[in-house]
Amino acid sequence: MKTIYFDNNATTKMDEQVFEEMKPYFSELYGNPSSMHTFGGQIGHKIAHAREQAAELLGCEPSEIVFTSGGTESDNTAIKGTLYAAPNKRKIITTRVEHPAVLAVCRESENRGYSIIELGVDKYGMIDLAELEHQIDDNTVIVTIMYANNETGVIFPIDKISELVKSKGAIFHTDAVQAVGKIPLDLSKSNIDLLSISAHKLHGPKGVGVLYVRKGTRLSPYQLGGHQESGKRAGTENVPGIIGLGKACELAKENIKLENNKVKKLRDKLEKAILKNCPDCRVNGDIANRLPNTSNISFEYIEGEAILLMLDQHGICASSGSACTSGSLEPSHVLRAMGVPFTAAHGSIRFSLSKYNTEDEIDYTVKTIPPVINRLRELSPFVPK
Ligand code: PLP
């Protein structure tokens, strides 16, 4: 059975061109970029090139790019590194809909005497800018708000937010793991101080990412050791990973508009057909202000996990907002923050597409879903009689 992959916000297929670029650095070209000899030194040039490719996509200077092990490390470093660098300020502002790589770090800091403000969101998944403005004070060290939400795709007004935060003198970090490669972004025109990206979300390899650190931003290194990454991140570089990330950034820069127009058309076709053919469905998030590849749909009265398992039997991979914690199925913290009722939050499915999806795959999925939903509703005790 063919696999139809609609889980690209979890991870993406690596682009063949990226893989080709990485291959020699696993075997023939295995030198350490920090070595004095030519064999290692030549790797340093390749890393410098990858830094340029990443900077080109983000619209920043290569010297502002710090390679990390991925989105989680970039988020941790941005937040903890800022707290260490400014120990006199004790307030952190974030939102209730962040990825755990941000939320867990903020919440852990609470145990160490920081006060954490988690801004709520409205039914569209959006924060209130007036509330943010009201919360930022002289004690605020960092504001960390994601660029786009991984579950709903909702895009935050990061230009406005970063301008506001800067005007109040705090550091602004954004987790742009889901945004980079899907929507254009230009750091040269923004007030963002710190920004996280992850290569495996843009058809690059897993286990490598970037933390953008605006020139002049005070940041204590989170990981100590050698002098790699200009002293901002110690540890021998993940050479093939960094080279793959660079290539993925180059391809994203070249194709972002074309690919995402195609993806958006497919996403819209899928969503429209589901809403037409399945009663009691709703799209979660701000329909007009979303990533082009993401559709989060709630199917009332049935469990997301049951839908996923049945779709899986038909070769369709998607994802549910629920996380299985301590044996109980908790609905997504993002949908709960948006006030989505329990019955709908439990039955939510995220379809996240990529450039590799096709019209045929959409047609097949559109035919497959209604009977799956009907069957599960026949079995559900929650459907009103
Ligand atoms: N932030 C967001 C918004 C994400 O969606 C993810 C991954 O799903 C991460 C951070 C973590 O990135 P990584 O898997 O590279 O650690």
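Both counts, for ligands and for their atoms, begin at 1 and track the order of listing. What you see below is based on every heavy atom in this structure, not just the backbone, and it leaves out hydrogens, waters and symmetry mates.
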For this session: Find all atoms of ligand 1 within a distance of less than 4.0 Å from any non-hydrogen atom belonging to D75, and give their numbers and elements.
Result: 1 (N), 10 (C)
Problem set entry | CD1 on I302 to CZ on R375, rounded to 0.5 Å | 12.0 Å
For this session: Check each atom of ligand 1 against the heavy atoms of S198 and keep those under 4.0 Å away; list them by number with element.
Result: 13 (P), 15 (O)
Problem set entry | Flag side-chain contact, heavy atom, 4.5 Å: I183 against I155 | yes
Exercise. What residue and atom, counting heavy atoms only, is the protein's closest point to atom 7 (C) of ligand 1, and at what distance?
Worked result: K201 NZ, 2.8 Å
Exercise. By number and element, which atoms of ligand 1 are closer than 4.0 Å to a non-hydrogen atom of N150?
Worked result: 3 (C), 5 (O)
Seminar exercise, completed: One should read off an interatomic distance between T152 OG1 and N289 CG, to the nearest 0.5 angstrom, of 9.5 Å
Problem set entry | N9 vs K182, side-chain hydrogen bond (donor to acceptor under 3.5 Å, both in side chains): CA-CA, chis, key distance, verdict | CA-CA 11 Å; N9 287 8; K182 295 179 188 139; 3.3 Å; yes
Exercise. Is the NZ or CZ atom of R350 both under 6.0 Å from the centre of the six-membered ring of F6 and within 45° of that ring's axis?
Worked result: no
Exercise. With respect to E151, which candidate in S332, S320, S319, S352 satisfies the side chain to side chain donor-acceptor pair (under 3.5 Å) definition?
Worked result: S332
For this session: Note the single closest protein heavy atom to atom 4 (C) of ligand 1, along with its residue, its atom name and the distance in Å.
Result: H99 CD2, 3.2 Å
For this session: Answer with yes or no whether K206 contacts ligand 1, where contact means a heavy atom under 4.0 Å from a ligand atom.
Result: no
Seminar exercise, completed: Counting from 1 in the order shown, the ligand 1 atoms closer than 4.0 Å to a non-hydrogen atom of G70 are 15 (O)
Exercise. So which heavy atom in the protein is nearest atom 14 (O) of ligand 1, and how far is it from that ligand atom?
Worked result: H200 NE2, 2.9 Å
Seminar exercise, completed: min-distance protein heavy atom vs atom 10 (C) of ligand 1 -> D175 OD2, 3.4 Å
Exercise. I117, V97: one ILVMFWY side-chain cluster at the under-4.5 Å cut-off?
Worked result: yes
Seminar exercise, completed: Checking heavy atoms under 4.0 Å, the part of T72 that sits near ligand 1 is both
For this session: Test D137 against T140 for side-chain hydrogen bond (donor to acceptor under 3.5 Å, both in side chains), laying out the working first.
Result: CA-CA 5 Å; D137 58 17; T140 305; 2.9 Å; yes
Problem set entry | Contact (N/O only, under 3.5 Å) between G71 and ligand 1 | yes
Exercise. What atoms of ligand 1 come closer than 4.0 angstrom to any heavy atom of Q178?
Worked result: 3 (C), 4 (C), 5 (O)
